[in-house]
Amino acid sequence: MKQDSPQRLTEEKPAAGRSVPVLVPMPAERPYSYAVPGDMCVEPGSIVRVPLGPRQVAGIVWDGECEAIDPRKLRPISHVFDCPPIDADMRRFIDWIAAYTLSPPGMVARMILRAPEAFDPEPWVEGLQATGAGPDRLTAARTRVLELAANGMAWTRSGLSHAAGVSSTVIDGLKAQGVFETVMIPPRPVVAAPDPAYASAELTGDQEEAARMLRDSVAADRFAVTLLDGVTGSGKTEVYFEAVAAALEEGRQVLILLPEIALTQAFLERFQDRFGTKPAEWHSDVAPRKRERVWRQVAEGGVRVVAGARSALFLPFKELGLIVVDEEHDPAYKQEDRVFYNARDMAVVRGHIGGFPVVLASATPSVESRVNASQGRYARAVLHARFAEAALPSIRAVDMRRSPPARGGFLSPMLLSHMRETLERSEQSLLFLNRRGYAPLTLCRVCGHRFQCPSCSSWLVEHRFRGQLQCHHCGHAEKRPEACPECGTLDHLVACGPGVERIAEEVVGQFPDARTIVLSSDILGGVKRLRLELEAIANGEADIVIGTQLVAKGHNFPNMTLVGVVDADLGLANGDPRAAERTFQLLSQVTGRAGRTGKKSLGLLQTFQPDHPVMRAIVSGDAEAFYEREIDERQKAGLPPFGRLAGIIVSAATRAEAEGHARGLRRAAPPANDIHILGPAEAPLALIAGRHRFRLLVQGERAADMQAYLRRLLATGPKIRGSVRVQVDVDPQSFL
DNA sequence: AGCACGCCGACT
DNA sequence: GTCGGCGTGCTC
């Protein structure tokens, strides 16, 4: 059984003349060679089915010559799918990403082969068409059917019976008399064609200027990146819809990338208001059957606009002419398993390869995009003001040293009194705290024992509602004990610090009659329930909302006039070089939830560091100053210039193992590079779940140098067990 | 990535 | 005596 099985020898013909390279969805460093049967036609990009070990997989015929391998190993391609080939741009894109992320090209190819049923054409369905012949006699039911079918349009049997409101036997009867004949109907489009002229946008001032810039960029029909930078409510979406319209007018397809969570019904409806139909959706929630149809119709050019999460970047567009990356700063664009990539950067690369424009939109752009804009590599369009009726909230910092909360509480008297006033005006308050559960740490008052995760040593978070202690890094959960496991003392465990559950407890104590709702990702009932709750809040069915990050995104709450950030400092001191930037972005988004209808509104930041640059920037609304300072600070700290942060992650099971790797890497590293060990807390979930709980982040001065260095390192460096991945935080422009 | 093979612990 | 854990190794 070690050699070719007898079965294989009998079923597959021995290799004929030609063989081609085929990229298989597997972590192989290069394409495999397959024989092309004499009567088969393939070209680079053809999607084929090939035998791979014991199974059949889909692969892509690749470019170039295939390398000479043992002819006895060579097996023939089993089937060529009747499917548009993956075009040369897309193939270059795959090669580029593989090289850039140091991932096997096969794994990148796997990302575009994720709709296996779509490789065969959608079947035509059987339909009925009126022949013009009359029935033997007319009944009321028959008349209704004939009226519908009179224009010669083909109907499906069930479609026609439903539309006419008759039983399908009526249709069968007419068909038997020759009134209808069977015809084949092509597959129904997954969405209607968007009409760029459906509703013209009403744009003013800044918006008009920005829209003109974007339209010009599309008309120029070459690679260019524009950063569309505008505060929440300034009409960014309407502005980039103009770029979408321009691309549609040019007969090009458009991809709009959104963080998964922002891909809401509300967004789809805004699109529909402008273009008369919804875009095709592409994200993890789309049913498999629908996904296949979208994939196929994108490949054939039937779908003109896709709104999708990051994986939509790997759809095989036929004539892509524009990518919009909305909320471009959002960390959700980073994929941190298998192939590590940042969809925002890959979108820029895709645009470069395809020679078309890319729009990056955000109210709080990432620092690297801001740097790219200020250095002239990206154009920048700025929307300064909100729409007339949507006034910006005024924002104040509450100095928690001067205005401390009552003992045992976490809400300052100032925040509580504003909540009371808001309640009296029948308006809504939002309390934001980016921490799930009841308390982030539990300790024993007698012996000082702290509850730690057995597998990743971070503190266990108490979830009082579920009676559990949970690890937020690896998902470990245990029942909350009554007694201290160390000293056995009963009832002396004490919760330290607040989570949203604890804040809710305090709020209910203070405002027992208010309708209070807690929103966090551990809500029972999943995304569906969450959407319902958000709707309910928007409809005014709650007075006080307490929430984590989830409430910061997307949704509009027209009656929300007070936003209180319980711990605005949270996240500022966690060692992440992007901590300040992330906090700034999050606080901007959260405070932006208030005042969307022009009512007087207020944001209060509870902080111990009212003079911190992040707080000052949020309070003054001077984002510009924040960015300038941030760029300056990081340069002074000797951190890599923005947009040129490269790194690799070497994962290890233990700190000792990680330190061993770090020593080996430091010996090989040029002096400009720095190697950090990231603990379990900073490792992505996918890594912690396995045995690789530590990561080494290797940062370098210039991305291109780093790339060369990493290559050398992986080829000649110390033997590294476990997985080696590239951290993709690099400005792709420096590679182009 | 899959999927086989292969070698050591608790059960019908 | 087997079922089943996941450690290694291979796939043109």
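Labels below follow one simple rule: chain letters A, B, ... track the order of the sequence lines, proteins then strands, and each chain is numbered from 1.
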Between A:Glu300 and A:Lys318, does any side-chain N to carboxylate O distance fall below 4.0 Å? no
Do the numbers put A:Arg114 on top of the ring of A:Trp295, so that NZ or CZ is under 6.0 Å from the six-membered ring centre and no more than 45° off the axis? no
Check the distance between C:dC12's C1' and A:Lys73's NZ and give it to me in whole angstrom. 7 Å
Rounded to whole Å, CD1 of A:Ile77 lies from P of C:dT11 at a distance of 19 Å
Check: A:Gln470/A:Glu462 side-chain N/O donor and acceptor closer than 3.5 Å: no
Rounded off to whole Å, could you give me the CD-to-P distance for the A:Gln56 and C:dC12 pair? 10 Å
Atom CZ of A:Arg72 to atom P of C:dC12: distance rounded to whole Å? 14 Å
Round to a whole Å and report the spacing from CE of A:Met26 to P of C:dC12. 8 Å
Separation of C:dT11 atom P from A:Tyr32 atom OH, nearest Å, is 7 Å
Quickly, which of A:Glu581, A:Arg582, A:Glu328 forms a side-chain hydrogen bond (donor to acceptor under 3.5 Å, both in side chains) with A:Ser366? Name it, please. A:Glu328
Output the residues of residues 111-120 of chain A in contact with DNA chain B, where contact means a heavy atom of the residue under 4.0 Å from an atom of the strand; sort by number or write none. none
Close side-chain approach of A:Gln335 and A:Met111, heavy atoms under 4.5 Å: yes
Taking A:Asp330 for the side chain and A:Tyr333 for the main chain, is one N or O donor matched with an acceptor at less than 3.5 Å? no
For DNA chain B, produce a single dot-bracket line, 5' to 3'. Pairs: Watson-Crick or G-U wobble, both distances under 3.5 Å. Symbols: ( ) within strand, [ ] crossing, | other strand, . unpaired. |||||||||||.
Give a yes/no verdict on a cation-pi contact between A:Arg350 and A:Phe93, requiring under 6.0 Å between NZ or CZ and the six-membered ring centre and an angle within 45° of the axis. yes
Distance, rounded to the nearest Å, where A:Trp62 contributes CH2 and C:dC12 contributes P: 19 Å
Take the protein atom CZ of A:Arg55 and the nucleotide atom P of C:dT11, then report the distance between them rounded to whole Å. 13 Å
Looking at A:Tyr341 versus A:Phe314, is the centre-to-centre ring distance below 6.0 Å? yes
Electrostatic pair A:Arg304-A:Glu319, nearest N-O below 4.0 angstrom: yes
